[in-house]
Novice: 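This is the structure I have questions about; it appears just below.
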2 protein chains.
Amino acid sequence: MASTKQRANTEAVYAQVRADVLGGVHRPGERLKFSALCERYGASVSVVREALSRLAEQGLVVSEPRIGFAVRAMTVDDLRDLTMTRIELETLALRKAIERGDVDWESQIVAAHHRLERTAMFTDDDAPPRVSDDWEVAHAAFHGSLLSGCDSPWLLGIATTLRDAAEFYRRWSQIVEPDRDACGEHRAILEAALARDADLATERLREHYQRTADIVERGLTEQDD
Amino acid sequence: MASTKQRANTEAVYAQVRADVLGGVHRPGERLKFSALCERYGASVSVVREALSRLAEQGLVVSEPRIGFAVRAMTVDDLRDLTMTRIELETLALRKAIERGDVDWESQIVAAHHRLERTAMFTDDDAPPRVSDDWEVAHAAFHGSLLSGCDSPWLLGIATTLRDAAEFYRRWSQIVEPDRDACGEHRAILEAALARDADLATERLREHYQRTADIVERGLTEQDD
DNA sequence: CAACGATGGATATTCGAATATTAGTTGATT
DNA sequence: AATCAACTAATATTCGAATATCCATCGTTG
């Protein structure tokens with residue numbers, strides 16, 4: 001916002017580029033040129049390069065040495081692999097969370113779900129109804145809180161990486177599915193988790209993710225750009 | 001090899017720093033100063049910085065903004081979490097590999113195992129017997145090949161990250177365990193995989209990793225530095 | 001006409017100096 | 001003697017210019 005020529009710091013630029021890739025500012029497959037990015041983020045090549053190489057390390061952008069960086073491309077195969085891996089991993093984490101989670105964890109997931117339920121899913125100002133940023137944040141927070149009880153930094157770290165990749169896909173297939181009761185699905189997962197029914201909770205989580213992936217895949221093959 | 005003042009390229013420096021961290025050149029917890037690294041690798045700060053930030057992204061080194069980088073510290077808690085996560089994940093991958101793997105995969109694991117079996121485990125030139133680099137490479141290749149049949153880039157990528165972290169621990173607790181029959185353990189895993197017995201193979205893999213982790217943990221608490 | 005090589009513009013990569021930050025030390029004040 | 005501020009040395013961070021590489025275009029040669 002401030003147009004003052006302040007020194008940019010890597011962490012901020014990194015976070016912004018990441019948010020922009022996740023948020024759909026840069027299209028999948030699009031090349032990310034230094035000149036353009038430096039201007040956009042008001043930083044020098046060094047800090048932009050560091051941000052991009054970190055993002056490349058986590059797979060959100062790809063790096064072709066001596067050629068440049070580009071936003072990760074989306075393919076059906078990759079989406080399926082990602083979905084499968086994510087389901088398996090989160091199943092594992094959720095199971096542990098249900099087994100180990102204490103009252104603190106229960107409070108957290110109840111709170112996160114409440115916030116999600118009370119956040120409007122769509123923007124009402126934009127002409128084409130779009131999923132609101134607030135909802136995306138609350139949604140990620142709810143799913144994150146579910147796993148947080150598993151008490152395994154490694155598992156949580158991996159799950160976060162996979163969630164980011166999945167969010168990237170979701171953003172680009174904003175097919176409005178009016179029939180779908182996402183709210184009810186979340187509530188059902190929450191209830192099973194609170195009831196400490198690991199089999200039921202993980203099965204509901206699996207269906208939830210699979211359903212989303214199917215919608216995304218349909219959108220992907222239809223537009224087919 | 002040529003000591004000529006050629007331009008260093010990031011990829012090479014990254015690979016070398018990574019190998020040195022994994023190989024034990026830099027001690028756990030040790031600070032990584034730019035001046036020293038630039039000299040050691042004959043590169044400028046930019047390329048060293050990029051290498052370190054990528055390594056930080058995958059958790060092998062830690063970054064404290066404005067303070068510097070340091071090699072990841074080792075703790076018993078982290079080791080246990082890592083081991084558990086790795087076992088769960090590789091179990092998943094191995095199960096899929098056994099289910100989906102074709103003759104090509106079978107050939108690969110047989111070949112990798114043969115090489116491992118024929119590689120000397122210890123160096124005979126060094127005064128204190130140390131696990132040889134060749135064996136480390138062959139060992140990583142064997143375990144990698146076991147999972148390679150699972151046909152899931154995401155799963156394989158995560159497994160590689162975890163394997164690197166585990167290797168880091170292993171390097172620093174080179175307790176010679178003369179009684180252990182590592183060779184036999186590998187053969188047993190191979191045989192179960194070839195027999196397509198997923199339950200047996202994953203159980204043997206789990207025991208194999210758990211045994212290693214226990215040894216590492218013992219070394220960790222004993223030296224206690 | 002096809003294949004190959006040269007040329008120039010666009011772009012990524014690397015460098016080293018300039019700048020900002022931290023941490024340790026000295027010296028002054030209470 | 002203890003506390004804190006100012007200074008200094010060590011170090012990380014950022015910048016923009018210099019360099020190397022890629023890619024498309026055009027001309028040359030067989």
Side-chain angles (χ1 to χ4, degrees), chain A residues 1-21 25-73, chain B residues 1-21 25-73:
Chain A
M1 49 193 70
S3 67
T4 59
K5 187 156 293 179
Q6 61 195 355
R7 285 176 86 83
N9 72 334
T10 305
E11 201 58 34
V13 172
Y14 164 76
Q16 244 182 317
V17 177
R18 182 165 168 280
D20 282 352
V21 170
V25 172
H26 308 293
R27 305 186 68 88
E30 178 185 315
R31 279 199 60 190
L32 295 167
K33 293 184 203 165
F34 282 100
S35 51
L37 296 190
C38 288
E39 175 139 20
R40 178 174 228 276
Y41 301 107
S44 74
V45 286
S46 312
V47 337
V48 170
R49 178 166 242 277
E50 174 161 346
L52 290 181
S53 67
R54 285 174 63 186
L55 255 10
E57 202 60 36
Q58 65 183 82
L60 224 49
V61 316
V62 294
S63 158
E64 293 206 64
R66 312 264 148 192
I67 306 279
F69 292 82
V71 179
R72 154 165 224 136
Chain B
M1 50 191 71
S3 67
T4 59
K5 188 157 293 180
Q6 60 194 355
R7 289 174 83 85
N9 72 334
T10 305
E11 201 57 34
V13 172
Y14 163 77
Q16 245 182 317
V17 178
R18 181 165 169 280
D20 282 352
V21 170
V25 172
H26 308 292
R27 304 187 70 87
E30 178 185 315
R31 279 198 61 190
L32 295 167
K33 295 184 201 165
F34 283 100
S35 51
L37 296 190
C38 288
E39 175 139 20
R40 178 173 229 276
Y41 301 106
S44 73
V45 287
S46 312
V47 337
V48 170
R49 178 166 242 279
E50 173 160 347
L52 289 181
S53 67
R54 284 173 64 186
L55 254 9
E57 202 61 36
Q58 65 182 80
L60 225 49
V61 315
V62 293
S63 158
E64 293 204 66
R66 312 264 148 191
I67 306 279
F69 292 82
V71 178
R72 156 168 221 134

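From a predicted model like this one, the values you see are computed outputs, not experimental measurements. Per chain, numbering begins at 1; letters A, B, ... match sequence-line order. Basis for what follows: all heavy atoms, side chains included, without hydrogens, waters or symmetry-related copies.
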Novice: Of the listed nucleotides (C:dA12, D:dT13, D:dA17), which one gets closest to any side-chain atom of A:V45?
Specialist: D:dA17

Novice: Please state how far atom CG in A:N9 lies from atom P in C:dT19, giving the value in whole angstrom units.
Specialist: 19 Å

Novice: Take atom CZ of B:F69 and atom P of D:dA12, then tell me their distance rounded to the nearest Å.
Specialist: 9 Å

Novice: Assign each of A:P65 and B:I67 to its nearest nucleotide of DNA chain D by heavy atoms, then name whichever residue's nucleotide is nearer the 5' end.
Specialist: B:I67

Novice: Taking the side chain of A:S46 as its heavy atoms from C-beta onward, which of C:dT13, D:dC15, D:dT11 lies nearest to it?
Specialist: D:dC15

Novice: What is the distance, to the nearest angstrom, from the CD atom on B:E64 to the C1' atom on C:dT21?
Specialist: 14 Å

Novice: Between D:dA12 atom C1' and A:E50 atom CD, what is the distance in whole Å?
Specialist: 11 Å

Novice: Identify which nucleotide among D:dA12, C:dA12, C:dT14 has an atom closest to any side-chain atom of B:F34, counting heavy atoms from C-beta outward.
Specialist: D:dA12

Novice: Applying side-chain contact (heavy atoms from CB on, under 4.5 Å) between A:L52 and each of A:V47, A:L37, A:V62, report the one that passes.
Specialist: A:L37

Novice: Of the candidate nucleotides D:dC15, C:dC15, C:dT22, which contains the atom at the shortest distance from the side chain of B:S44?
Specialist: C:dC15

Novice: Is the distance from OP1 or OP2 of C:dT14 to the nearest side-chain N or O of B:R49 less than 4.0 Å?
Specialist: no

Novice: Does A:R31 reach the main-chain N or O of A:I67 with its side chain, forming a donor-acceptor pair under 3.5 Å?
Specialist: yes

Novice: OP1, OP2 of D:dA10 versus side-chain N and O of B:S35: anything below 4.0 Å?
Specialist: no

Novice: Choosing from C:dT14, D:dT11, D:dT14, which nucleotide comes nearest the side chain of B:R66?
Specialist: D:dT14

Novice: For A:E11 and D:dT14, what is the distance between atoms CD and C1' respectively, to the nearest whole Å?
Specialist: 15 Å

Novice: Send over the distance from A:L32 CG to C:dA12 C1', rounded to a whole Å.
Specialist: 13 Å

Novice: Taking the side chain as everything from C-beta on, heavy atoms only, tell me whether B:V71 gets closer than 4.5 Å to B:R27.
Specialist: no

Novice: Do A:V61 and A:H26 come within less than 4.5 Å of each other through their side chains, counting heavy atoms only?
Specialist: no

Novice: Closer than 4.0 angstrom, basic N to acidic O: yes or no for A:R54 and A:E11?
Specialist: yes

Novice: What is the distance from NZ of B:K33 to P of D:dA10, rounded to the nearest Å?
Specialist: 10 Å

